[in-house]
Amino acid sequence: MYGNRRPWLAALVFGVVVFGALDPLPMGRISSYARPDWRVPAYPQFLTEVAARTPPGATVVLAVPIGDGEHGYDTYAFFRATYLLAGRRVIPLMDPDGRVHPERLHHRSNFIAAWRTPLPPGAFEPIWQGHGGTLSWGAP
């Protein structure tokens with residue numbers, strides 16, 4: 001009875017399974033708010049260059065602007081840095097409230113990576129500049 005319909009039925013079930021497995025929100029339609037690297041491509045490029053110029057095991061103090069209107073990018077920036085600077089110890093220079101902690105520079109850091117923000121006062125020797133930031137060596 002179902003002998004002639006079996007291939008068509010199998011094809012229909014296969015099509016339903018494939019259609020059901022499709023992602024209803026492909027990457028091209030995700031808002032830029034959900035993908036900060038897409039909105040600010042210079043930041044991951046900056047971190048990639050910092051990683052290329054710092055050895056594994058180094059301590060990097062990260063200075064990024066707080067509340068710069070990038071829709072939460074300041075909060076995301078530290079977490080993205082820990083990923084792109086894997087193998088290095090990343091310490092934020094500022095807390096989420098925007099308070100600078102200069103004590104994090106003394107005796108704990110080999111490098112300071114400042115992106116879209118000026119370097120804090122001290123004896124820092126610039127190593128590299130680009131993509132909106134500066135990588136410096138030394139602690140005051």
Side-chain angles (χ1 to χ4, degrees):
M1 176 173 158
Y2 291 107
N4 293 347
R5 296 182 192 169
R6 189 167 283 173
W8 290 101
L9 185 59
L12 178 64
V13 170
F14 178 75
V16 168
V17 169
V18 168
F19 183 75
L22 293 176
D23 187 2
L25 191 60
M27 284 300 291
R29 293 182 45 201
I30 295 176
S31 71
S32 61
Y33 178 71
R35 296 182 303 166
D37 285 351
W38 186 59
R39 289 196 71 215
V40 190
Y43 185 64
Q45 293 168 350
F46 170 70
L47 292 175
T48 301
E49 292 292 336
V50 169
R53 288 169 169 77
T54 56
T59 300
V60 179
V61 173
L62 181 67
V64 295
I66 300 295
D68 64 348
E70 293 293 344
H71 300 290
Y73 203 87
D74 52 340
T75 303
Y76 176 80
F78 175 72
F79 295 107
R80 187 66 172 147
T82 58
Y83 175 74
L84 290 173
L85 298 176
R88 293 151 190 86
R89 183 173 177 215
V90 180
I91 300 172
L93 181 62
M94 294 170 255
D95 63 19
D97 296 329
R99 289 186 304 247
V100 177
H101 293 274
E103 70 277 5
R104 295 178 180 174
L105 294 171
H106 298 286
H107 307 293
R108 294 177 61 188
S109 62
N110 303 112
F111 300 93
I112 180 167
W115 186 72
R116 286 191 176 178
T117 190
L119 285 172
F124 300 105
E125 180 182 331
I127 297 172
W128 174 81
Q129 286 185 317
H131 303 292
T134 302
L135 175 65
S136 299
W137 165 260

Result of checking V90, L84, L62, L135 against V50 for side chain to side chain contact (heavy atoms under 4.5 Å, CB included):
L135
Looking only at heavy atoms, what is the nearest atom pair of A77 and Y43, with distance?
O-OH, 2.8 Å
Roughly how far, to the nearest 0.5 Å, is the CG atom of L85 from the OG1 atom of T59?
11.5 Å
What distance do Q129 atom CD and E49 atom CD have between them, rounded to the nearest 0.5 Å?
13.0 Å
Which atom names give the shortest non-hydrogen contact between P92 and F78, and what distance separates them?
CD-CE1, 3.4 Å
Write down the atom of H131, the atom of Q45, and the distance for their closest heavy-atom approach.
ND1-OE1, 3.1 Å
Measure the spacing between CH2 of W115 and CG of L47 and express it to the nearest 0.5 Å.
8.5 Å
CZ of R88 to CZ of F111, rounded to nearest 0.5 Å, is 9.0 Å
Answer whether the closest heavy-atom distance between the side chains of I112 and F124 falls below 4.5 Å.
yes
Sub-4.5 Å side-chain heavy-atom contact between S136 and E125
no
How long is the span from the CZ atom in R89 to the OG1 atom in T82, to the nearest 0.5 Å?
13.5 Å
For T134 versus F46, what's the shortest heavy-atom pair and its separation?
N-CE1, 3.6 Å
Closest non-hydrogen atom pair between A63 and T117, with its separation
O-CG2, 3.4 Å
Heavy-atom distance under 4.5 Å between the side chains of N110 and T54, does that happen here?
no
